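For reference, the structure discussed in these notes is given below.
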Amino acid sequence: MRRLAWLSGFAALFLIACTATAPTAPSPAVVTASDRLNRVVDDYFEELLKLNPILATSIGDPRYNDRYVVGIAPETRRARQQLEQDYLGRIRGIDRAALSESDRITYDVFKSGREREIEGFRFRDDLVPLNQFYSVPNSFAQLGSGTGMQPFKTVQDYDNFLKRIDGFVAWTDQAIVNMREGVRRGYTLPRVLTERVLPQLDAHIVAQPEDSLYWGPIRNLPAGFPEADRERLTAAYRAAITTKIVPSYRKLRDYMRDEYLPKCRTTVGLDALPDGKAWYEYRVREITTTNYTPAQIHEIGLKEVARIRGEMQGVMAKVGFQGSLDDFFKFLNSDPQFFYADKETLIAGYDDIRKRVNPQLPRLFETLPKADYEVRAVEPFREKSAAGGQYQAASEDGSRPGIFYANTYDLKARPKWAMEALSLHEANPGHHFQISIQREQKGLPRFRRFGGYTAFSEGWGLYAESLGPELGMYTDPYQYFGRLEGELFRAIRLVVDTGLHSKGWTREQALDYIVANSATSEARRVAETERYIAIPGQALAYKIGQLKISELRTRAEQELGPKFDVRKFHTVVLANGALPLDVLEANVDRWIAAQR
């Protein structure tokens, strides 16, 4: 593979005789442990792309843009499990002691990743294949809209997506098969989540192809296409929407509404499913990359909620508000001064933050990403159930910028005072910054450049929010309160997520806890609670990761004193890409020792 470095280093030897000169046979190339490691991890990533062509598209690799692999199909699961087992065996065959310090990081991350993936096949998430938050019907619509990851610049690009549609049709058929099996075996979505999915599917059941999100590429056909191709592609997309896409959404909607919904469970916790207690404990370990138990994380959350609420009291005193903290929450969620009148102005507000933050980044960072990002509103078909902000990474080749999706649904749920913190989290120096830096590290193996750990990436996003004062942000105390409110919500997540999935909490108990402890609007707390129900454990990553990164910075500041350089610290944290938290800690500790 392209990173394989064959070593020789042997000079030619010559035998000199009176009448002739004969060279010796060339020495065979020496294959080092590093060579073998690079070959294993690069081979793995190449095989992974074949099983996940959407991943290839997302990183700008166009080779599989016409393919869609049904990941929930039994044969695909078997192939993926076999891949993990094969490469775990291959990595175990390499002598770790013979590797450099840098290569040992690759070895450890790769080996633990394969072990974790293999363990996860025990749990049957394929029997509950969609929800209102993570859904192939939603992500495929983004892909086919003409404004997402799928390129629509050439005639070949258009033909590629037509082929990919067949894979989506196969996915919807397989999802129904799997959900029927899930019902039989006791794996179903909570009823409330199915109710949220139905309108998302309805949005794509249109009477005319021109009304479909999938018509976007035809509406924006490049002017340079030959007329014959324009006519052919228009007819082909019309037929695909009419005969494949809309019928697939209708079939899935009808099944979920008429057959699945009446059989959905009334419980909401993952621990209510077969093997659910062990499943949630695995999710906690996988997502946080720690050995914390749900009970330990619940206690951390309670302590953090109390600490942050105390700091909020200080902000309330600073702005001279008279009343209780709950009264202050109500004021922040109702006073007209804190809200935009229209969606366009909200998006423009985020763009203004981008223009203010970007020039300040060199104060804290040695390396800046080459990729830029843009701000877009969350699409109408998914905005009601989407989070307040989401990030989609830029392509490797620079043809597609990063996208910070800001939710403009229900403007009374999108206060101005929350905007600086959310932008720092999703864009610069948060997700866009970290992911772009990672992907631009050409010296890292591809599985590290394009892989990730939720605790690291979301922990970095929350840590990035705390950098606001150093970047000239939060000069308005209400914006600083927004940062605290964001951090408070991540602490609340530790309590609520573990409550829902390991302590038998109901949806209503979760909502009540959020109401009692935050300034969150009803729309947001409902969407957030149902998000935790849909993707158990994911919400734990933010605070656990941020606490570790902040702890490591404090340790470095205390041990290095005047030698501490925040720009170099951030380089150490970011330059190796996303890492498990224990690997990150060991790496930072080595750096601290080297600075003394």
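Positions are given from 1, in the same order as the sequence printed here. Predicted model, so just to flag it, every value in this text is computed and none were measured.
Qualifying side chain to side chain contact (heavy atoms under 4.5 Å, CB included) partners for Arg285, counting only residues two or more places apart in sequence or in other chains: Glu119, Glu281, Tyr282, Asn291. For Trp171, the ring-ring contact (aromatic ring centres under 6.0 Å, His included) criterion is met by no residue, not counting sequence neighbours. Evaluation of the salt bridge (Lys or Arg N to Asp or Glu O under 4.0 Å) rule for Lys343 yields Glu383 as partners, not counting sequence neighbours. Not counting sequence neighbours, the partners of Asp372 by the salt bridge (Lys or Arg N to Asp or Glu O under 4.0 Å) test are Arg354. With sequence neighbours left out, Asn138 forms a side chain to side chain donor-acceptor pair (under 3.5 Å) with Gln200. Remark: Lys263 engages no residue in a salt bridge (Lys or Arg N to Asp or Glu O under 4.0 Å) (not counting sequence neighbours). Scanning for side chain to side chain donor-acceptor pair (under 3.5 Å) contacts around Asp66 gives an empty result, with sequence neighbours left out. Residues that satisfy the salt bridge (Lys or Arg N to Asp or Glu O under 4.0 Å) test with Glu379, not counting sequence neighbours, are Arg382.
For Arg448 and Gln438, the side-chain atoms include no donor-acceptor pair closer than 3.5 Å. For the 3.5 Å distance criterion, the side chains of Ser145 and Thr147 qualify, holding a donor opposite an acceptor. For the 3.5 Å distance criterion, the side chains of His570 and Tyr463 qualify, holding a donor opposite an acceptor. Side chains of Arg531 and Gln538: a donor-acceptor N/O pair is present below 3.5 angstrom, by distance only.
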Could you go through Gln85 and Arg90, starting from their C-alpha distance and side-chain angles, then the distance that decides it, and tell me whether this counts as side chain to side chain contact (heavy atoms under 4.5 Å, CB included)? CA-CA 9 Å; Gln85 291 170 339; Arg90 287 182 64 178; over 6 Å; no
In a table with atom names and distances, give each donor-acceptor pair under 3.5 Å that connects a side chain of residues 202-211 to protein atoms at least two apart or in another chain.
from, atom 1, to, atom 2, distance (Å)
Asp202, OD1, Arg253, NH1, 2.5
Glu210, OE2, Arg238, NH1, 2.7
Glu210, OE2, Arg238, NH2, 3.2

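Rounded to the nearest 0.5 angstrom, Lys50 NZ and Arg63 CZ are separated by 8.0 Å. Separating the CZ atom in Phe433 from the CG atom in Asn428 is a distance of 6.5 Å, to the nearest 0.5 Å. Distance check: Phe121 CZ to Gln81 CD gives 5.0 Å after rounding to the nearest 0.5 Å. Expressed to the nearest 0.5 Å, how far CE of Met419 lies from CG of Leu422 amounts to 8.5 Å. A distance of 9.5 Å separates NZ in Lys111 from CZ in Arg96, rounded to the nearest 0.5 Å.
The side chain to side chain donor-acceptor pair (under 3.5 Å) analysis of residues 186-198, with sequence neighbours excluded, yields the pairs Arg191-Glu195, Arg196-Glu530. Applying the ring pair (Phe, Tyr, Trp, His ring centres under 6.0 Å) test to residues at least two apart or on different chains, the pairs with a partner in residues 62-84 are Tyr68-Phe140. Annotation: side chain to side chain donor-acceptor pair (under 3.5 Å) contacts involving residues 152-162, sequence neighbours excluded, comprise Thr154-Asp157, Gln156-Asn160, Asp159-Arg232.
A cation-pi arrangement is present between Arg114 and Phe110 under the rule of less than 6.0 angstrom and at most 45 degrees off the ring axis.
Aromatic pair Phe168/Phe161: ring centres not closer than 6.0 Å.
Using cut-offs of 30° and 60° on the angle between ring planes, the pair His432 and Tyr391 is perpendicular. Ring geometry, Tyr255 versus Tyr260: the interplanar angle falls from 30° to 60°, so the pair is classed tilted.
Under the 4.5 Å side-chain criterion, counting only non-hydrogen atoms from C-beta, Leu143 is in contact with Arg164. Between Ser135 and Val197, every side-chain heavy-atom pair lies at or beyond the 4.5 Å cut-off.
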